[in-house]
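Atom set for the values below is all heavy atoms of this structure, side chains included, hydrogens, waters and symmetry mates excluded.
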Amino acid sequence: MTDRILHLGDAINTDDIIPAKRGTNPDPDYLKRYALEHVIGEGKLLEYDVIEAGHNFGCGSSREFAPIAIKAAGIRVVRAKSFAEIFYRNSINIGLPLEILGDAQQNPVVEAIAQAGGLFPFNQQRRRGEITVPPSTTPSRPMTIAEKLLARASGNAYVRPGEVVFAQVDLAMSHDAIAGPVGQLFYQHFGQEAKVWAGDRIVLVADHFIQINDIRTDPKAPVMHQQMVQFAKEQDCHLLDVVSPGEAAGICHVLLPEQGFIRPGMVIAGTDSHSCTYGAFGCFSTGVGTTDMANIFATGDMWLRVPATLRFDLEGTLPPHLSAKDIMLFILGQIGGDGAIGNVMEFRGSLIEQLPIDERMTLANMAVECGAMCGIMAPDATTRAYVQARTQTPFEEILGDPDAEYAHHYHFDLSRLEPQIARPPKPDNVVGISELDDIPITRAFIGSCTGGKLHDLAAAAAVLKGNSVAPSVSLFVVPASQEVRQQAEALGYLAILEQAGATLLKSGCGACINAGMGTLGSEEVGIYATNRNFKGRSGDPTAQNYLASPRTVALSAIAGKITANP
């Protein structure tokens, strides 16, 4: 019988595979109906046996529901020219066969996980002593920051790109959109009386779906939130819960550094692809899926292929009013959404030294949009001052060797950079604003882990002061945490924003993942200071979403069209 093959192109992302709005129902029989619904139509994947695609299949979120939906739909194998690293790991973990077209390389650890039937049975065998992971045989070599962190975390003197290691994590983070299912998997596979490896190293955050019922009825979202709260209580984990109905203490990637959980030298895993944010503090930090996290809860470690490192030397003096968002969009435009696939992006240079922590976090946060596992910066006096103001816990700064090997070396002088815009439907569809035609907008959004920090609100307030949002535009502003909200209020930013006509919303992820006020309606055009503009990511799939810096979003809201001119 001939396979029914679905042919797809490049950069099929996790929002294409299973939209975020479907993420409150973990039932595979439910998920399979909506697999690729915005690409080929609801229920249509059930008509195929095999998927063949181009480069960077599964880019975007760490959403394990994506490979689960594909497997549940009856797809026997996914063949692609390349896979996003998190999707690759998630698929191996759940037993969805993948083939990299034109690549015959095999890895014994990956093969062993596949032969065991997935990560759960593999780790069960490890716990019984039936399987041991051999130490690395990599000889002495100079290493990058990321390589040194992974060598130490895996108990090896040296590691090299491409080898698989099991790295002990210093911190594990999950949030209300997935922590409940993670907990259920943990109990299912390790026993109803099982205890996590270290409750004081697990942080659970309510931020993703806590506002979803503000825009549509979804009874499962509150259930998932309560499952997370219950698990935190049972396992004595850190819980950063809502401060009032629908109001987050903060978005996880901003909140964890604020609360002193993030320190240089750590290895961190989070059930969110933007967990790479913590690399701004000199950490190796990456996103993982549900199965990975349930196993981390039990074993305290995770398997990964040691990534090669790409070096980005950013030099010059950034022009006035430009920001890290402009830098990152520029880099995306230069190297593409798969330009760092499976690698680490290490940011260096005089320009990095000039950036405050908020801006460094934006760079690290969006490294995953280039396909990177982590965006990392060496800790310095700026890092030290931020961290020591928030925790008394000692830490060790890890620096790379001067003669470390890099897979590629990029050098950009950004002294002449202009404001950058990512056109729909991908974050790497970038142009300088001078290349953009007049684009009228109806909606603008300043918020998320990328665009709702204090530095972001300050930039928006600076241009909105004494101005008004255009009558044709709705501008929504979301402080990324309670600390940001309080500081912005004390500094007068919130009053300026409200006087200009902006609507201030509760802290949380909200519209960034189509789960709160500020989403785009049918055929609407918006400009957002978020990190992704995939089809349907922040509202109706017929809408058009442009990405820009908070300042450009504010100026566009005033003008009623996309502009960076005051």
Stepwise, does the salt bridge (charged side-chain N to carboxylate O under 4.0 Å, His left out) test hold for Lys148 with Asp401?
-> CA-CA 9 Å; Lys148 281 190 171 185; Asp401 293 320; 2.9 Å; yes
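- Checking each of Asn295, Asn93, Asn123 against Trp303 for a side chain to side chain donor-acceptor pair (under 3.5 Å) leaves exactly one that passes, namely Asn93.
- Taking CD1 of Ile376 as the start and SG of Cys276 as the end, the distance is 11.0 Å to the nearest 0.5 Å.
- In plain terms, the two heavy atoms of Met373 and Gly342 that are nearest each other are SD-O, 3.7 Å.
- Side chain of His225 to main chain of Phe209: no donor-acceptor pair is present (N/O by atom type, distance under 3.5 Å, no hydrogens or angles).
- Taking both residues in full, the closest heavy atoms of Asn429 and Pro424 are given as ND2-O, 3.1 Å, listed atom of the first, atom of the second, then distance.
- Comment: Glu258 does not engage Arg390 in a salt bridge, judged by the lack of any side-chain N to carboxylate O separation of less than 4.0 angstrom.
- The main-chain N or O of Thr290 is found under 3.5 Å from a side-chain atom of Glu64 such that the two form a donor-acceptor pair.
- Side chains of Arg532 and Ser273: a donor on one and an acceptor on the other come within 3.5 Å.
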Might you work through the side chain to side chain contact (heavy atoms under 4.5 Å, CB included) test for Asn90 and Thr291, ending with a clear yes or no?
-> CA-CA 7 Å; Asn90 287 344; Thr291 297; over 6 Å; no
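- Distance alone, capped at 3.5 Å, is enough to place a donor-acceptor pair between the Asp170 side chain and the Val267 backbone.
- The existence of a salt bridge linking Arg152 and Glu396 is confirmed by a sub-4.0 Å separation between a basic side-chain nitrogen and an acidic carboxylate oxygen.
- A salt bridge (charged side-chain N to carboxylate O under 4.0 Å, His left out) with Arg63 is found for one member of Asp15, Asp16, Asp272 and no other, namely Asp15.
- Ser448 and Thr530 are not linked by any side-chain donor-acceptor pair at a separation below 3.5 angstrom, with hydrogens and angles left out of the test.
- In this structure, a donor-acceptor pair under 3.5 Å is absent between the side chains of Gln184 and Gln188.
- Centroid-to-centroid, the aromatic rings of Phe395 and Phe281 stay 6.0 Å apart or farther.
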Please assess Val78 against Phe83 for the test side chain to side chain contact (heavy atoms under 4.5 Å, CB included), listing each intermediate value before the final yes or no.
-> CA-CA 10 Å; Val78 181; Phe83 292 96; 3.7 Å; yes
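- Of the N and O atoms on the side chains of Tyr406 and Glu346, at least one donor lies less than 3.5 Å from an acceptor on the other residue.
- Panel note: side chain Glu369, backbone Asp428; no donor-acceptor pair is recorded below 3.5 Å.
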Residues Asn514, Arg537; criterion side chain to side chain contact (heavy atoms under 4.5 Å, CB included); working and verdict = CA-CA 6 Å; Asn514 196 9; Arg537 165 79 182 185; over 6 Å; no
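- With 3.5 Å as the limit, one finds a donor-acceptor pair spanning the side chains of Glu163 and Ser136.
- Minimum interatomic distance between Asn531 and Cys449 (heavy atoms only, all atoms of both residues): ND2-SG, 3.6 Å.
- Of all the heavy atoms in Ala515 and Arg216, the pair that sits closest is CA-NH2, 4.5 Å.
- Using modelled atom types, one side-chain atom of His238 and one backbone atom of Asp200 make a donor-acceptor pair closer than 3.5 Å.
- In this structure, the side chain of Asp176 engages the main chain of Asp207 through a donor-acceptor pair within 3.5 Å.
- Minimum interatomic distance between Ile296 and Ala269 (heavy atoms only, all atoms of both residues): CD1-CB, 3.7 Å.
- Side-chain atoms of Ser481 never come within 3.5 Å of backbone atoms of Gly250 as a donor-acceptor pair (strictly under, hydrogens ignored).
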Phe57 and Ile51: CA distance, side-chain angles, deciding distance, side chain to side chain contact (heavy atoms under 4.5 Å, CB included) verdict = CA-CA 10 Å; Phe57 187 90; Ile51 293 174; 4.1 Å; yes
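- The closest donor-acceptor contact from the side chain of Asn13 to the backbone of Gly60 lies at 3.5 Å or more, if one exists at all.
- Screening Arg128, Arg126, Arg127 for a side chain to side chain donor-acceptor pair (under 3.5 Å) with Glu130, the sole residue that qualifies is Arg128.
- Taken to the nearest 0.5 Å, the CG atom of Leu256 stands 10.0 Å off from the OG1 atom of Thr277.
- Side-chain contact annotation: Glu147 with Thr309, donor-acceptor N/O pair under 3.5 Å absent.
- Here the two rings, on Tyr187 and Phe231, have centers that are under 6.0 Å apart.
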Go through the steps for Glu47 and Arg4 under the test salt bridge (charged side-chain N to carboxylate O under 4.0 Å, His left out), then give the verdict.
-> CA-CA 7 Å; Glu47 301 172 7; Arg4 299 170 298 173; over 6 Å; no
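- Summarising the local packing, NZ of Lys426 is surrounded by 12 or fewer heavy atoms from other residues, nucleotides or ligands at distances under 6.0 Å.
- Using a 30° and 60° split on the angle between ring planes, Phe186 and Phe297 fall in the perpendicular class, above 60°.
- Nearest heavy-atom pair, Asp218 versus Asn213, reported as atom, atom and distance to 0.1 Å: N-OD1, 2.6 Å.
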